[in-house]
Amino acid sequence: MPELPEVETTRRGLEPLILNKIIENIAVRNARLRWPIPDTISAIKNQTITRIDRRGKYLILELNNDLHLIVHLGMSGSIGVLNKSTPLKKHDHFVIYFKDNAVLRFNDPRRFGCILLTDDNPLTHPLLASLGPEPLSHDFNAQWLKQKANSRMVAVKNFIMNAEVVVGVGNIYASEALFKAGIHPKRAASRISLRRYGFLVQAIKDVLHDAIRSGGTTLRDFSQSDGKPGYFQQQLNVYGRVNQACVMCSHPIKKTCIGQRSSYYCPKCQH
DNA sequence: ATCATCCCCTGATGGC
DNA sequence: TGCCATCAGGGGATGA
């Protein structure tokens, strides 16, 4: 389940492997992703990849003819850069063949991901246009959260998972960050002080930084056979630890549902 | 404007 | 061994 750290790991892993390479051919093996891969995708043939960016959980591949590929890994997507002779795997839906025999394969069992093409500024694409600040940027701060929360009664966990509030905070790291900040996941967004939003902002930055750092250790293996950036063996304090002892106070971790998503918290540490 | 609910999909898991 | 139900989750679409 790629969250921002996984996508950033993918971006960093891709850079040395495909930047400045020339696309010789492509293959759409199954166009039916979250949105169909457009027929216009063939316009990337014979172009060079000039830049690899990330915005939230979207990867943006810039080509030298001003086209941009917008890629989302969804829940189960991964990208592998391999040798042409590596056998195709089930769910390898999209393939890019480079002039130097390298092959990029987009694999996504659940097909919640997407591959789109735009000839415009990708940041104005409908999917990207209303995204909130990057969590690791200075634009993401306590004032911003407090102002966005205004009088909203939505649970803070849903609030920080809303991409218009801040991008890249998924279910796992939302639970972890709220634990670190000592905030109950069901607390109404408007009922959190500026001071406590400061703790939450720092917790989100810390959790994501840690995950990216541990992701970095797997970059070396990025082009091996499974093609996955690897999931982080990060120390999870609450996620998936229902009934286990809280690392801070030993009280059993609770599981609850917030907005159809499982959520974990310590009832003693989080208010 | 805000928010809850639904849905896309496959793989892993567990019960019978 | 097989079959079925259940769960997981990013995030857009929909309707209240």
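No experiment lies behind these values; they were computed from the predicted model shown.
- In this structure, A/Ile160 places its CD1 atom 12 Å from P of C/dG10, rounding to the nearest Å.
- Looking at the side chain of A/Arg110, the nearest of the listed nucleotides B/dC3, B/dG11, C/dG12 is B/dG11.
- Nearest to the side-chain atoms of A/Asn158 among the listed nucleotides B/dA4, B/dG11, B/dC6 stands B/dA4.
- Shown here, B/dT5 forms a base pair with C/dA13; the pair counts as Watson-Crick or G-U wobble because both key distances fall under 3.5 Å.
- Between the CG atom of A/Leu33 and the C1' atom of B/dC9 there is a distance of 11 Å, given to the nearest Å.
- With the nearest nucleotide of DNA chain B identified for both A/Gln260 and A/Met153, A/Met153 has the one nearer the 5' end.
- Residue A/Tyr58 has a polar side-chain atom (N or O) positioned under 4.0 Å from OP1 or OP2 of C/dG12.
- Contact annotation: A/Arg111 side-chain N/O to B/dT10 OP1/OP2 distance is under 4.0 Å.
- A/Arg152 comes within contact range of the sugar-phosphate backbone alone, with a heavy-atom separation under 4.0 Å but no base atom that close.
- A sub-4.0 Å separation between OP1 or OP2 of C/dA8 and a side-chain N or O of A/Lys255 is present.
- Here A/Glu15 does not pair with A/Arg12 in a salt bridge; the nearest charged N to carboxylate O distance is not below 4.0 Å.
- Distances from the side chain of A/Pro109 to the nucleotides C/dG12, C/dG10, B/dT10 place B/dT10 closest.
- Residue A/Phe159 contributes atom CZ, which lies 14 Å from atom C1' of B/dA1 at whole-angstrom precision.
- The number of heavy-atom neighbours closer than 6.0 Å to NZ of A/Lys205, taken from other residues, nucleotides and ligands shown, is above 12.
- In this structure, the NE2 atom of A/His125 is 11 Å from the P atom of C/dG12, given to the nearest Å.
- The phosphate of C/dG10 has neither OP1 nor OP2 within less than 4.0 Å of any side-chain N or O from A/His72.
- Put simply, CG on A/Asp108 is 14 Å from C1' on C/dA8, counting in whole angstrom units.
- The side chain of A/Arg32 has B/dC9 as its nearest neighbour among C/dA8, B/dC9, B/dT2.
- Ion pairing between a basic and an acidic side chain is recognised when a charged N comes within 4.0 Å of a carboxylate O; A/Asp53 and A/Arg51 show such pairing.
- In this pair, A/Phe112 does not lay its aromatic ring on the base of C/dG11; centres under 5.5 Å and planes under 30 degrees do not both hold.
- Residue-to-nucleotide proximity on DNA chain B shows that, of A/Arg261 and A/Asn150, the 5′-proximal contact is made by A/Asn150.
- Between the P atom of B/dC3 and the NZ atom of A/Lys186 lies a distance of 16 Å, rounded to the nearest Å.
- Protein atom OH of A/Tyr173 is 15 Å distant from nucleotide atom C1' of C/dG10, rounded to whole Å.
- Atom P of nucleotide C/dA13 and atom CZ of A/Arg34 are separated by 7 Å, given to the nearest angstrom.
- Distances shorter than 4.0 Å separate some side-chain N or O of A/Lys90 from OP1 or OP2 on B/dG11.
- Taking every side-chain heavy atom of A/His91 into account, B/dG11 is the closest of C/dG12, B/dG11, B/dC3.
- Using a cutoff of 4.0 Å between basic side-chain nitrogens and carboxylate oxygens, A/Asp108 and A/Arg111 are not scored as salt-bridged.
- One side chain, A/Asn83 or A/Ser85, offers a donor N or O that lies under 3.5 Å from an acceptor on the other.
- Taking CD of A/Glu176 as the reference point, atom CD of A/Glu3 lies at 10.0 Å (rounded to 0.5 Å).
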